[in-house]
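Below: the structure, in C-alpha cells.
Order of the sequence lines sets the chain letters (A, B, ...), proteins ahead of strands, with each chain counted from 1. Side chains included, hydrogens not; waters and symmetry mates left out as well; all remaining heavy atoms used. This one's a predicted model, so the numbers in the text were calculated from it and none came from an experiment.
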Amino acid sequence: MTPSKPPRVRFAPSPTGNLHIGGARTALFNWLYARKHEGVFVVRVEDTDKERSLPEYEENILENLEWLGIDWDEGPQLTKNLELKTENELGKFGPYRQSERSEIYEKYAKKLIEEKHAYWCFCTKEEIEAMRQSQMTQGQPPKYSGRCRGVPTSEAEKRMSDGESAVLRFKMPEAKVSVNDMIRGKTVFDLSLSGDIVIARSLDDPLYNFAVVIDDSEMQITHVIRGEEHFSNTAKQVALIEALGFHVPHYAHMPLILNPDKTKMSKRFSDTAVSEYKKDGYLPEALFNFLALLGWHPSAEQSADENGEEREIFTKDELVKLFEIERVQKAGAVFNGQKLDWMNAQYIKSLSQKDLLVAIKNVSTIPDGLSESQIDRLLSFSMERMKKLTDFIELSDFFFELPDYEPKMLIWQDAPASVVAETLESVEKIISNVSDDSFNANRLLEVLSEISDRVGRGAVLWPLRVALSGKEASPGPFEIMDVLGKNETLSRIGVAIKKLGSIGGDLGL
RNA sequence: GCUCUCAUCGUCUAACGGCUAGGACGCCGCCCUUUCACGGCGGAAAUCGGAGUUCGAUUCUCCGUGGGAGCACCA
C-alpha cells in the first residue's frame with residue numbers, strides 16, 4: 001500500500017526519561033516509513049507534563065536518535081549546551097515543543113467551548129476518585145458522570161474568577177468510532193464507555209490527548225505510527241478530531257517490546273535506555289538492524305541473498321527498501337539480548353581495524369604501553385571474539401600486564417611440573433637465540449617446530465600460551481609473542497618456570 | 001471489574017488454502033584447532049484446545065483457554 005502523497009510522520013517522545021528501546025523502535029519504524037515513501041519525518045517533544053519533563057532528557061533522546069542514525073527533517077535540533085533554543089529548529093510547522101505552543105492550544109480550547117464541545121468541570125479529584133472506585137466495584141466501566149455538563153460557560157467563568165479551580169472536559173459523543181489500523185485492521189470502539197475526558201487544566205495548559213490531536217493536525221501529519229499502548233486512546237482522539245473539524249490521519253499501532261515474562265519491557269530484565277547500550281559497546285548499526293527485525297521481517301524471498309540463503313544482516317538502505325508496514329507483527333516481541341550480542345559481533349567483525357579502533361576508543365580507554373602497530377595486531381586477534389566493543393579491554397588486558405595465575409594452569413594434561421619446566425626452559429633458550437628484528441610469529445613458529453614435533457605440540461604450546469597470557473583462553477602463543485616482543489616474552493617464560501618450581505616435582509594430579 | 005487486542009520451535013520469525021512447517025539466536029554433537037573464540041557440518045526443538053467451512057486448514061469462521069495493553073487533572 002503506497003500512500004498517494006508523500007507521508008508526514010512523527011515521533012513524539014515525552015522528555016520524562018531517557019530514550020527507551022521501545023521508543024527508539026517506534027522512531028525507527030516511523031523513519032523507515034518516511035524514507036521508504038520519500039516522506040517527512042518530524043520529531044515533536046511532548047513536554048506538557050511540566051512536573052516530569054526535563055531538558056536533559058530531551059537532550060538524551062535527541063542525541064541517541066542521532067547516534068542510531070535516525071535523522072529527522074523537522075523538529076528541535078541538538079545543541080551542545082542545555083539551552084534548547086527554538087531558533088535552532090528545522091521545519092516550518094514549529095515550534096516543535098508543546099510547551100511553546102500554548103497559544104495554539106488556547107485557540108482550539110476556546111473554539112471547543114464556544115461550540116459547546118467542551119465545558120468547565122469543578123469536581124474535585126477526590127470526588128472523581130470516589131466515583132471511579134464505586135463504579136469499578138459495581139462492575140461498571142469507570143467514567144466521569146457528566147455532573148458539570150450543565151454549568152453554563154458564563155457561570156463557570158465567574159466561579160473561576162472567584163478563585164474556584166476547574167478543568168476543561170470534552171463532551172464525549174455517545175457514538176461508536178471505527179478505526180482502520182494499518183497493522184491491526186479494523187476495530188470499533190464505543191465512546192460511551194470513556195465518558196467526558198479532561199483535555200486541559202486551563203486554557204493554555206492542555207493534556208496529552210488534546211495536544212496530540214492539535215499538533216498532528218497543525219503539523220499535517222498523515223500517518224500516526226506509535227506503540228500499542230496508545231491504541232485505546234485512538235478512539236478518544238478521533239472524537240476530538242471530529243469535533244475540531246480536522247482530518248483523521250492513518251493509524252498504525254506497533255506491538256510492544258516485551259520482557260522474557262511477556263510483560264512490557266522494563267528495567268527489571270534488561271537495560272531499557274539506548275544510552276546504556278551505547279555505553280556498553282554496541283554499535284548503532286547493530287542495534288538499528290536488531291530493532292528493525294523486532295516485530296517486523298521481510299518475506300523469505302526478499303531476505304534471500306544471491307545464493308538464496310535467508311539472512312538477517314541488512315544495511316539501513318536495504319531496510320528502507322524492504323520495509324513494509326503491513327508486515328509488522330501483531331503480537332508483542334520479547335527482547336532477546338543474546339541475539340543482539342550475536343548481531344553486534346557480526347557488525348564488529350565487518351569493521352576495518354581502523355574503524356574498530358575508533359569505535360572502541362569511544363567507549364573504553366586503552367591502556368598505554370603498546371605501539372600503534374602492536375595495538376593493530378592485538379585488534380586482529382580480538383575482533384573475532386568480541387561481542388561488544390568494551391570486550392576488547394578484558395580480552396587483551398594481559399598484553400598490558402601479566403595477570404597472576406595458578407601455577408598448575410601451566411600443566412599440560414598430567415605431565416609432571418618438572419618436565420613442563422624443562423620444556424619451557426628449552427623453549428626459552430630457543431627463543432633467546434632469535435634476533436630482535438626477526439622476532440615475529442612466522443619466524444617463531446619456524447624455530448619452535450622442531451621441539452613441538454619432538455615433545456608434542458600440546459606439551460609445548462599449552463604451557464607456553466599460559467605463560468604468556470596467564471589465561472585458559474587466549475589467542476595463540478605465536479601471535480602473543482609477536483606483539484609482546486622478545487624481552488617481555490622471555491620475562492614471562494621466566495615467571496612461569498619459577499612458578500613451576502614452587503609446585504615441586506610431584507604434583508601429578 | 002470493563003474495553004480492546006494477540007496466539008508457529010525457549011526467543012525473533014518464514015510459509016498464493018496444498019511439500020518432510022523453512023531460517024536466525026540460543027542449546028547439543030562432530031570437524032578445524034595447543035586452549036578459547038571464529039568458521040564448517042549435523043542434531044533436538046513449534047502451528048494453544050475444540051468445533052465448523054473445504055477434496056485439503058498454520059492459513060478462513062465461531063467458541064474456549066491463555067497472554068498482553070488500556071481504563072489519570074501521565075504521556
Closest to side chain of [X], choosing from [options]:
| X | options | value |
| --- | --- | --- |
| E384(A) | A37(B), U34(B), G70(B) | A37(B) |
| A331(A) | C6(B), A75(B), C71(B) | C6(B) |
| N233(A) | A75(B), C73(B), U35(B) | A75(B) |
| K262(A) | G67(B), C6(B), U3(B) | G67(B) |
| K330(A) | A69(B), A7(B), A75(B) | A7(B) |
| V334(A) | C12(B), A7(B), C74(B) | C12(B) |
| K349(A) | G39(B), C73(B), A69(B) | G39(B) |
| R465(A) | C4(B), C73(B), U35(B) | U35(B) |
| K264(A) | A75(B), A69(B), C71(B) | A69(B) |

[X] has an atom [atom1]; how far is it from atom [atom2] of [N], in whole Å?
| X | N | atom1 | atom2 | value |
| --- | --- | --- | --- | --- |
| Q413(A) | U34(B) | CD | P | 13 Å |
| M265(A) | G67(B) | CE | P | 22 Å |
| L395(A) | C38(B) | CG | C1' | 12 Å |
| I257(A) | A69(B) | CD1 | C1' | 15 Å |
| E479(A) | A37(B) | CD | P | 17 Å |
| I128(A) | C71(B) | CD1 | P | 16 Å |

Inset, instruction - Just jot down the ring-ring contact (aromatic ring centres under 6.0 Å, His included) partners of F399(A), sequence neighbours excluded, or say none. - result: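 By the ring-ring contact (aromatic ring centres under 6.0 Å, His included) rule, F399(A) matches no residue at all.
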Flag for [Y]-[X]: side-chain donor and acceptor within less than 3.5 Å:
| X | Y | result |
| --- | --- | --- |
| S53(A) | D49(A) | no |
| D47(A) | Y57(A) | no |
| N180(A) | S178(A) | no |
| Q302(A) | S299(A) | yes |
| E218(A) | Y108(A) | yes |

Inset, instruction - Please say whether the positively charged group of R25(A), taken as NZ for Lys or CZ for Arg, lies over the ring of F29(A), i.e. under 6.0 angstrom from the six-membered ring centre and within 45 degrees of the axis. - result: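 Here R25(A) passes the 6.0 Å and 45° test against F29(A).
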What is the base-pairing partner of [N], counting Watson-Crick and G-U wobble geometry with both distances under 3.5 Å?
| N | answer |
| --- | --- |
| G18(B) | C55(B) |
| A24(B) | U11(B) |
| C30(B) | G40(B) |
| G1(B) | C71(B) |

Inset, instruction - Pick base, sugar-phosphate or nothing for H230(A), based on heavy-atom distances below 4.0 Å to the nucleic acid. - result: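 Since a base atom lies under 4.0 Å of H230(A), the category is base.
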Legend entry - Stepwise salt bridge (charged side-chain N to carboxylate O under 4.0 Å, His left out) check, R132(A) with E129(A): CA-CA 5 Å; R132(A) 211 175 67 89; E129(A) 181 54 28; 3.3 Å; yes
For [N] and [M], measure between their [atom1] atoms and round to the nearest Å.
| N | M | atom1 | answer |
| --- | --- | --- | --- |
| C6(B) | A14(B) | P | 15 Å |
| U65(B) | G50(B) | P | 15 Å |
| C62(B) | A7(B) | P | 14 Å |
| U54(B) | U61(B) | C1' | 12 Å |
| A24(B) | G1(B) | C1' | 42 Å |
| C12(B) | G18(B) | P | 25 Å |
| U8(B) | A45(B) | C1' | 12 Å |
| U13(B) | U58(B) | C1' | 14 Å |

Looking only at side-chain N and O atoms, does [X] come under 4.0 Å of OP1 or OP2 in [N]?
| X | N | result |
| --- | --- | --- |
| T16(A) | C74(B) | no |
| R44(A) | A75(B) | no |
| S14(A) | C74(B) | no |

Inset, instruction - Pick out which of E384(A), M343(A), M386(A) makes a side-chain contact (heavy atoms from CB on, under 4.5 Å) with I348(A). - result: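 With I348(A) as partner, side-chain contact (heavy atoms from CB on, under 4.5 Å) holds for just one option, M386(A).
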Inset, instruction - Please check if the distance between the ring centroids of H230(A) and Y208(A) is under 6.0 Å. - result: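 Between H230(A) and Y208(A), the centre distance is under 6.0 Å.
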Inset, instruction - Could you encode protein contacts along nucleotides 14-26 of chain B as a string, one character per nucleotide from 5' to 3', using B for base contact, S for sugar-phosphate-only contact and - for no contact, with a heavy-atom cut-off of under 4.0 Å? - result: SS------BBBBS
